[in-house]
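Every chain is numbered from 1 and lettered A, B, ... according to where its sequence line falls, protein lines coming before strand lines.
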Amino acid sequence: MLDLKFIRENPELVKQGIQNKNEKSRVDEILALDEKRRQLILNTDELKMKRNQASSQIPMMKKSGQDTSALMAEMKQVSDMITDYDSQLKNVEDELDKILMYIPNLPSSTVPVGKSAADNVEVKRWLPDGFSLESDKKATDHVELGKKLKILDFERGAKVSGSGFAVYMGKGATLERALINFMLDKHINEHGYKEIFPPFLVNRDSMKGTGQLPKMEEDMYAIEKDELYPVPTAEVPITNLHRSEILEEKDLPIYYVGYSACFRREAGSYGKESKGFLRVHQFNKVEMVKFVKPETSYDELEKLVKDAEDILQALKIPYRVLMLCTGDLSFSAAKCYDIETWSPAENKWLEASSCSNFENFQARRANIRFRNEQTKKPEFVHTLNGSGLATSRLMVSLLENNQTADGKILVPEVLQKYTGFSVIE
RNA sequence: GGAGAGAUGGCAGAGUGGUUGAAUGCGGCGGUCUUGAAAACCGUUAAGGAUGCAAGUCCUUCCGGGGUUCGAAUCCCUGUCUCUCCGCCA
């Protein structure tokens, strides 16, 4: 959520930012409602002051035996007026809030302006020693590999749950588990994150806090009976851990890492990159979340990306890093890097991680603050998160890049102590 | 699922219709004392909003929402959460 005061003072800047994100600007509506809101506050406050004065006067009058009935009758009228103004004010504020909840975060000034994914900027490419993108044209794709080696079963997944659900079997299941544990351990032991095992169902307030709702209602699974939402990412429960809290400045930055299954409806995306793991309704992800002081958040973003890259370098998986342009940036993000891993069978890059700085957009929605030690005043923190990483897309690259000519999969060395085996055949 | 109790400031904990935004204790901050520290003593210590150049002034907030009243932390209704007992259960 953007600051109403900021919008009031910088309407043109806000309009431009929204436009760069390819979203509709409703800034003028906001300004008009804000004007109305402040007028109503002016009216009620004056009446309330009157009422408060009378309230302290009445007991004194009674004590000295004076008649209070005239004053009480007058206050009855005042109270009715207050009720009326207050309900008008509530309507205006609800309306304002509704619009504000749909206004995206503004892109950072360091983000390139662009319309779509085509305008994203590649900022880095990392390939393992001796690896070439051209070298492996006849790679078998992950679906085929999974089937042959009996480690992945998309057909049975469809039978049990529906299309877009995978079953991992045998060494495939073990490999998935190994990957999750390896990533968690690395972030905990080498990058200084604290492990969180969050709930996988969250309430509506949490979904609003991180920005999934109300705008992306259609993309979210919902358990209506209990008003709970299966998490689309661990970002939601982990960021909301500190919702409505005032943190101590000395406790910042806070680094959390957590595993969760991620549930996504992917409504309306059938047929688009939907083969095998490329688009599924449930996948596993290790997520990193940071709560930091505002002035450090862009440095923290660079470190976050590096932490995710470390995983890929350890696994020796080819990847590139993209800086997203304004038009491809998500609703809540001010700046975002995507990490894409290479799929030799698809002959393209697959998004496996997204690392974003939300500045105070989420913090404002979720009311996450810290006490500034100098001023003693609470301020909003900046929140960041990044996948570290999603196993499904990563698994595609891992299987395809580690296949041998005779159809086996070589398990990356760093995973072997987690799997207990070095080859899948 | 059934029965009961509760939710108050950073924390603990009073307050059951009228100067209570809230006693008291702890913690935090500042000071006196001390070579320094401790102890003791004194002072101070919520958030949000409106208005104003500012100092300030005003409003709101005692879990959320609604109601009664001239007036609500306090009474009524409702939702959420926590605890105790019973039932069920990985």
Requested in this report: Starting from Watson-Crick (N1-N3 plus N6-O4 or O6-N4) and G-U wobble pairs under 3.5 Å, report the runs of at least three that RNA chain B belongs to.
Outcome: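 For RNA chain B the paired stretches long enough to count as stems (3 pairs minimum) are B:1-7 with B:80-86, B:10-12 with B:24-26, B:27-32 with B:40-45, B:46-51 with B:56-61, B:63-67 with B:75-79.
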**Report entry** Beyond-backbone contact of Ile151(A) with Leu399(A), side-chain heavy atoms, under 4.5 angstrom
**Finding:**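 Ile151(A) reaches Leu399(A) side chain to side chain.
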Salt-bridge present ([X], [Y]; N to O < 4.0 Å):
{"X": "Lys285(A)", "Y": "Glu287(A)", "value": "yes"}
{"X": "Glu12(A)", "Y": "Lys15(A)", "value": "yes"}
{"X": "Asp299(A)", "Y": "Lys303(A)", "value": "no"}
{"X": "Arg265(A)", "Y": "Asp219(A)", "value": "no"}

With rounding to whole Å, what would you report as the distance between [N] and [M] at their [atom1] atoms?
{"N": "rA14(B)", "M": "rC70(B)", "atom1": "C1'", "value": "28 Å"}
{"N": "rA40(B)", "M": "rA23(B)", "atom1": "C1'", "value": "23 Å"}
{"N": "rG65(B)", "M": "rG9(B)", "atom1": "P", "value": "16 Å"}
{"N": "rC58(B)", "M": "rA3(B)", "atom1": "P", "value": "49 Å"}
{"N": "rG43(B)", "M": "rU24(B)", "atom1": "P", "value": "11 Å"}
{"N": "rG64(B)", "M": "rC81(B)", "atom1": "C1'", "value": "10 Å"}
{"N": "rU78(B)", "M": "rC88(B)", "atom1": "P", "value": "29 Å"}
{"N": "rU82(B)", "M": "rU8(B)", "atom1": "C1'", "value": "15 Å"}

Can you measure [X] atom [atom1] to [N] atom [atom2] for me and round it to whole angstrom units?
{"X": "Leu89(A)", "N": "rC59(B)", "atom1": "CG", "atom2": "P", "answer": "16 Å"}
{"X": "Met60(A)", "N": "rU19(B)", "atom1": "CE", "atom2": "P", "answer": "11 Å"}
{"X": "Lys377(A)", "N": "rU45(B)", "atom1": "NZ", "atom2": "P", "answer": "11 Å"}
{"X": "Asp226(A)", "N": "rG79(B)", "atom1": "CG", "atom2": "P", "answer": "15 Å"}
{"X": "Asp34(A)", "N": "rA50(B)", "atom1": "CG", "atom2": "P", "answer": "8 Å"}
{"X": "Asp86(A)", "N": "rA50(B)", "atom1": "CG", "atom2": "P", "answer": "15 Å"}
{"X": "Lys50(A)", "N": "rG71(B)", "atom1": "NZ", "atom2": "P", "answer": "15 Å"}
{"X": "Glu46(A)", "N": "rC58(B)", "atom1": "CD", "atom2": "P", "answer": "13 Å"}

**Report entry** Derivation and outcome, side chain to side chain donor-acceptor pair (under 3.5 Å), residues Thr210(A) and Glu235(A)
**Finding:** CA-CA 8 Å; Thr210(A) 31; Glu235(A) 160 197 347; 4.8 Å; no
Check: residues 50-62 of chain A side-chain donor-acceptor pairs under 3.5 Å, at least two apart:
unit_1	atom_1	unit_2	atom_2	d
Asn52(A)	ND2	Lys48(A)	O	3.4
Ser55(A)	OG	Arg51(A)	O	3.3
Ser56(A)	OG	Gln53(A)	O	3.0

Report task. Mind running side chain to side chain donor-acceptor pair (under 3.5 Å) on Asn367(A) and Arg369(A) for me, showing each step along the way? Result -> CA-CA 6 Å; Asn367(A) 195 23; Arg369(A) 292 172 292 176; 3.2 Å; yes
Report task. Within residues 62-80 of chain A, find the residues that approach RNA chain B with a heavy atom at under 4.0 Å, and present them sorted by residue number. Result ->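 Of all residues in residues 62-80 of chain A, the ones placing a heavy atom under 4.0 Å from RNA chain B are Lys62(A), Met72(A), Met75(A), Lys76(A), Ser79(A).
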Report task. Please list residues of residues 199-213 of chain A whose heavy atoms come under 4.0 Å from any atom in RNA chain B, ordered by number; otherwise none. Result ->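 Output list: empty, so none.
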Query raised in the report: Do Asp307(A) and His187(A) have side-chain atoms, one donor and one acceptor, less than 3.5 Å apart?
Result: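 Side chains of Asp307(A) and His187(A): no pair found under 3.5 Å.
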Query - Lys90(A) and Tyr85(A): side chain donor to acceptor below 3.5 Å - result: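 No, because no side-chain N or O of Lys90(A) sits under 3.5 Å from a partner of the opposite role on Tyr85(A).
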**Report entry** Aromatic contact, Phe263(A) with Phe283(A) (centres under 6.0 Å)
**Finding:**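 Distance test on ring centres: not under 6.0 Å, no.
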**Report entry** Residue pairs fulfilling ring-ring contact (aromatic ring centres under 6.0 Å, His included) with at least one residue in residues 158-180 of chain A, sequence neighbours excluded
**Finding:**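 Those involving residues 158-180 of chain A are Phe165(A)-His281(A), Tyr168(A)-Phe277(A).
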Query - Nearest to side-chain heavy atoms of Ile41(A), which nucleotide of rA47(B), rA50(B), rU19(B) - result: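 So the nucleotide nearest the side chain must be rA50(B).
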Query raised in the report: If you check every side-chain atom of Arg37(A), which of rG48(B), rG71(B), rA50(B) has the closest atom?
Result: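 Nearest to the side-chain atoms of Arg37(A), counting from C-beta on, is rA50(B).
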Query raised in the report: Cation over ring, Lys171(A) on Phe421(A), under 6.0 Å and within 45°?
Result: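 Yes, a cation-pi geometry.
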Query - Within 45° cone of Tyr256(A) ring axis and under 6.0 Å: Lys194(A) NZ or CZ - result: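 Lys194(A) over Tyr256(A) ring: no.
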Identify the pairs formed between an N or O of the protein and an N or O of nucleotides 60-62 of chain B at a distance under 3.5 Å, and give each distance.
unit_1	atom_1	unit_2	atom_2	d
rU60(B)	OP2	Asn52(A)	ND2	3.2

Query raised in the report: Which comes earlier along RNA chain B counting from the 5' end, the contact point of Pro378(A) or that of Pro59(A), where each point is its nearest nucleotide?
Result: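 Final value for this comparison: Pro59(A).
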Query raised in the report: Between Thr44(A) and Leu4(A), who's closer to the 5' end of RNA chain B by nearest nucleotide?
Result: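 Taking each residue's closest nucleotide, the earlier one in sequence belongs to Leu4(A).
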Can you give me the N/O atom pairs linking the protein to nucleotides 6-12 of chain B at distances under 3.5 Å, or say none if there are none?
none

Query raised in the report: Is any side-chain N or O of Arg8(A) closer than 4.0 Å to OP1 or OP2 of rG49(B)?
Result: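 False: Arg8(A) side-chain N/O out of range (4.0 Å or more) of rG49(B) OP1/OP2.
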Query raised in the report: Has Lys36(A) got more than 12 heavy atoms of other residues, nucleotides or ligands less than 6.0 Å from its NZ?
Result: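 No, the 6.0 Å shell around NZ holds no more than 12 heavy atoms from other groups.
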Requested in this report: Start with the C-alpha gap between Lys335(A) and Glu359(A), add the side-chain angles, then the distance that decides, and say whether side-chain contact (heavy atoms from CB on, under 4.5 Å) holds.
Outcome: CA-CA 9 Å; Lys335(A) 185 172 188 171; Glu359(A) 297 191 356; over 6 Å; no
Query raised in the report: When all nucleic acid strands are considered with a 4.0 Å heavy-atom cut-off, which category describes Arg364(A): base, sugar-phosphate, or nothing?
Result: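 No contact at all - Arg364(A) keeps every heavy atom at 4.0 Å or more from the nucleic acid.
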Report summary line: Once base and sugar-phosphate atoms are separated, protein heavy atoms under 4.0 Å mark nucleotides 63-68 of chain B, 5' to 3', with B, S and - as ---S--
Query raised in the report: What residue pairs, at least two apart or across chains, pass salt bridge (Lys or Arg N to Asp or Glu O under 4.0 Å) with a residue in residues 204-215 of chain A?
Result: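 Only Glu23(A)-Lys215(A), Arg204(A)-Glu217(A) qualify under salt bridge (Lys or Arg N to Asp or Glu O under 4.0 Å).
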Per-pair distances, 0.1 Å, donor-acceptor, side chain in residues 96-106 of chain A, under 3.5 Å, sequence neighbours excluded:
unit_1	atom_1	unit_2	atom_2	d
Asn105(A)	ND2	Ser332(A)	O	2.9
Asn105(A)	ND2	Phe358(A)	O	3.1

Pairs under 3.5 angstrom only: tabulate donor-acceptor contacts from the side chains of residues 377-384 of chain A to other protein residues two or more places apart or in another chain.
unit_1	atom_1	unit_2	atom_2	d
Glu379(A)	OE2	Asn372(A)	ND2	2.6
His382(A)	ND1	Ser297(A)	OG	2.8
Thr383(A)	OG1	Gln362(A)	OE1	2.7

Requested in this report: Using the test side chain to side chain donor-acceptor pair (under 3.5 Å), find all partners of Glu413(A) that sit at least two apart in sequence or belong to another chain.
Outcome: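 By the side chain to side chain donor-acceptor pair (under 3.5 Å) rule, Glu413(A) matches no residue at all.
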